[in-house]
A.B. asks: 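Below: one structure in C-alpha cells.
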Amino acid sequence: MTERSWGGTKLADRRAARRETLLDVAERLAGEEGCAAVTVRSVCREARLTDRYFYESFAGRDDLLLAAFERVADEARSALEGAVATGGPQREARAAVSAFVALVLDAPHKGRLLLLEPFADPVLGARSHLLMPVFTDLVGGRLAGAGDDIDRRLAAHALVGGLANLFAGWLHGTLDVPRERLEAHCVELVLAATTSATASGK
C-alpha cells in the first residue's frame, strides 16, 4: 500500500518535520530561558502547532525535554568520537576540545541545556547521570595505560567532571576568563591526562 502524501510530502515526513520543530523550540527555550520555560503550551505557541501535533510525537513536557537534552548529548558524543579518531595525543586533545567548544560555546543554548539545566531540573539531572558513562568510557579508552580499570575509571570521571565544570562556569558567568585561555587550559588538562597514561603504560 502506497503511503498517502499531501503536497508531495509523505505523512511520516511531515510528522518527522513537526517533531524536529518541537525539539528545536524546546532546545532553544531551555537553553535561553531555562527548563521552567518549556511547557506544552509555550512550545506549541513558538512552533505554531496545536497540541494535537505535540502529542503525536511526545507523551508530555518531560518526554520532549528529555528528547531535546539527549539530542544535544548525542551531538556532543558524535563530535568527540570524531575528534579522538584524528590520531596522536596532541592532535586528539586539541580536536576534542575544539569540537566541544564549537558545540557548547558557539551555540551557548546547547551548552546551557547540556551542562547547566540538569542542576535545575530533576528530570534532566537524573538522565545526565545515566549518560555520564557514555563520556567517561570514551575518555577512559584514551587512558589505556593509566593503571588498572579502577584507575582509568577514576581518571576519566575526574577529567570529564572537571572539564564540564569549567565549561559550565564559563557559560554561567562565574568563571570570567578569556575564551582562548579556557580552551588552552582544557587542552593542557587533556594532554596531561593522556600523557600520564601513556607514560605509566610503558
A.B. asks: Can you name the closest pair of heavy atoms from Ser42 and Ala37 and give their distance?
C.D. replies: OG-O, 2.8 Å

A.B. asks: Quick one: does Phe58's side chain get under 4.5 Å of Val40's, heavy atoms only?
C.D. replies: no

A.B. asks: Using a 4.5 Å cut-off on heavy atoms from C-beta on, say whether the side chain of Val160 contacts that of Leu138.
C.D. replies: no

A.B. asks: At their closest point, which heavy atom of Thr39 faces which heavy atom of Ala36, and how far apart are they?
C.D. replies: CG2-O, 4.1 Å

A.B. asks: Check Asp149 with Arg153, please: is the shortest side-chain N to carboxylate O separation under 4.0 Å?
C.D. replies: yes

A.B. asks: Hey, could you give me the CG/CZ distance between Leu49 and Arg19, rounded to the nearest 0.5 Å?
C.D. replies: 13.5 Å

A.B. asks: Going from CG on Leu116 to CG on Asp121, what distance comes out if it is rounded to the nearest 0.5 angstrom?
C.D. replies: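 These two atoms lie 13.0 Å from each other.
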
A.B. asks: Give the C-alpha distance, both sets of side-chain angles, the deciding distance and a yes or no for side-chain contact (heavy atoms from CB on, under 4.5 Å) between Trp170 and Val177.
C.D. replies: CA-CA 8 Å; Trp170 196 89; Val177 299; 4.0 Å; yes

A.B. asks: For Lys110, which of Glu117, Glu75, Glu32 qualifies under salt bridge (charged side-chain N to carboxylate O under 4.0 Å, His left out)?
C.D. replies: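 Among Glu117, Glu75, Glu32, the one meeting salt bridge (charged side-chain N to carboxylate O under 4.0 Å, His left out) with Lys110 is Glu75.
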
A.B. asks: Report yes if some heavy atom in the side chain of Phe69 is under 4.5 Å from a heavy atom in the side chain of Leu131; otherwise report no.
C.D. replies: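 Side-chain contact under 4.5 Å: yes.
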
A.B. asks: Report yes if some heavy atom in the side chain of Val123 is under 4.5 Å from a heavy atom in the side chain of Leu65; otherwise report no.
C.D. replies: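 No, side chains not in contact.
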
A.B. asks: To the nearest 0.5 Å, how far apart are CZ in Arg181 and CD in Glu188?
C.D. replies: 8.5 Å

A.B. asks: Check the pair Glu20, Ser57 against side-chain contact (heavy atoms from CB on, under 4.5 Å), reporting the backbone distance first and the verdict last.
C.D. replies: CA-CA 10 Å; Glu20 287 302 303; Ser57 294; over 6 Å; no

A.B. asks: Are Arg179 and Glu183 close enough for a salt bridge, meaning some N to O gap below 4.0 Å?
C.D. replies: yes

A.B. asks: Are Phe119 and Val38 linked, directly or through intermediate hydrophobic residues, by side-chain heavy-atom contacts shorter than 4.5 Å (ILVMFWY only)?
C.D. replies: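 Different clusters.
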
A.B. asks: Salt bridge or not for Glu56 and Arg14, using N-O below 4.0 Å?
C.D. replies: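 Salt bridge: no.
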
A.B. asks: Side-chain heavy atoms under 4.5 Å apart, restricted to Ile/Leu/Val/Met/Phe/Trp/Tyr: what other residues fall into the cluster of Ile150, or is it alone?
C.D. replies: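 Cluster partners of Ile150: Leu154.
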
A.B. asks: In terms of hydrophobic clustering (I, L, V, M, F, W, Y; side-chain heavy atoms under 4.5 Å; direct or indirect links), are Val134 and Leu80 co-clustered?
C.D. replies: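 As far as the 4.5 Å side-chain criterion goes, Leu80 and Val134 are connected within one cluster.
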
A.B. asks: What are the two closest non-hydrogen atoms of Ala93 and Val190, and how far apart are they?
C.D. replies: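 Smallest heavy-atom distance, with atoms named: CB-CG1, 3.7 Å.
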
A.B. asks: Not counting sequence neighbours, which residues clear ring-ring contact (aromatic ring centres under 6.0 Å, His included) with Phe135? List them please.
C.D. replies: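 Partners of Phe135 under the ring-ring contact (aromatic ring centres under 6.0 Å, His included) test: none.
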
A.B. asks: If I compare all heavy atoms of Tyr55 with all of Gly60, which pair ends up nearest, and what's the gap?
C.D. replies: CE2-CA, 4.3 Å

A.B. asks: Only one of Leu171, Leu175, Leu115 clears side chain to side chain contact (heavy atoms under 4.5 Å, CB included) with Leu166; which?
C.D. replies: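 Filter result, single survivor: Leu175.
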
A.B. asks: Search all heavy atoms of Ala26 against all heavy atoms of Ala68 and return the closest pair with its distance.
C.D. replies: CB-CB, 4.3 Å

A.B. asks: Using every non-hydrogen atom in the two residues, find where Phe167 and Cys186 come nearest and quote the distance to one decimal.
C.D. replies: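 Smallest heavy-atom distance, with atoms named: CZ-SG, 4.0 Å.
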
A.B. asks: Counting only heavy atoms not in Asp106 (residues, nucleotides, ligands), do more than 12 fall under 6.0 Å from its CG?
C.D. replies: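 It does: Asp106 CG has more than 12 such atoms within range.
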
A.B. asks: With a 4.5 Å heavy-atom cut-off, do Cys44 and Arg52 have their side chains touching?
C.D. replies: no

A.B. asks: With Tyr53, which residues qualify under ring-ring contact (aromatic ring centres under 6.0 Å, His included), at least two apart?
C.D. replies: none

A.B. asks: Given side-chain contact (heavy atoms from CB on, under 4.5 Å), test Val97 with Leu163 step by step and report yes or no.
C.D. replies: CA-CA 9 Å; Val97 171; Leu163 292 172; 5.7 Å; no

A.B. asks: Do Leu182 and Val101 come close enough that some side-chain heavy atom pair is under 4.5 Å?
C.D. replies: no

A.B. asks: His109 and side chain to side chain donor-acceptor pair (under 3.5 Å): which single residue from Arg28, Glu33, Glu27 fits?
C.D. replies: Glu27

A.B. asks: Could you check whether any side-chain heavy atom of Arg71 comes within less than 4.5 Å of a side-chain heavy atom of Asp24, counting everything from C-beta outward?
C.D. replies: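 Touching, per the 4.5 Å side-chain cut-off.
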
A.B. asks: Is the backbone N or O of Leu124 less than 3.5 Å from a side-chain atom of Ser128, with the two atoms forming a donor-acceptor pair by type?
C.D. replies: no

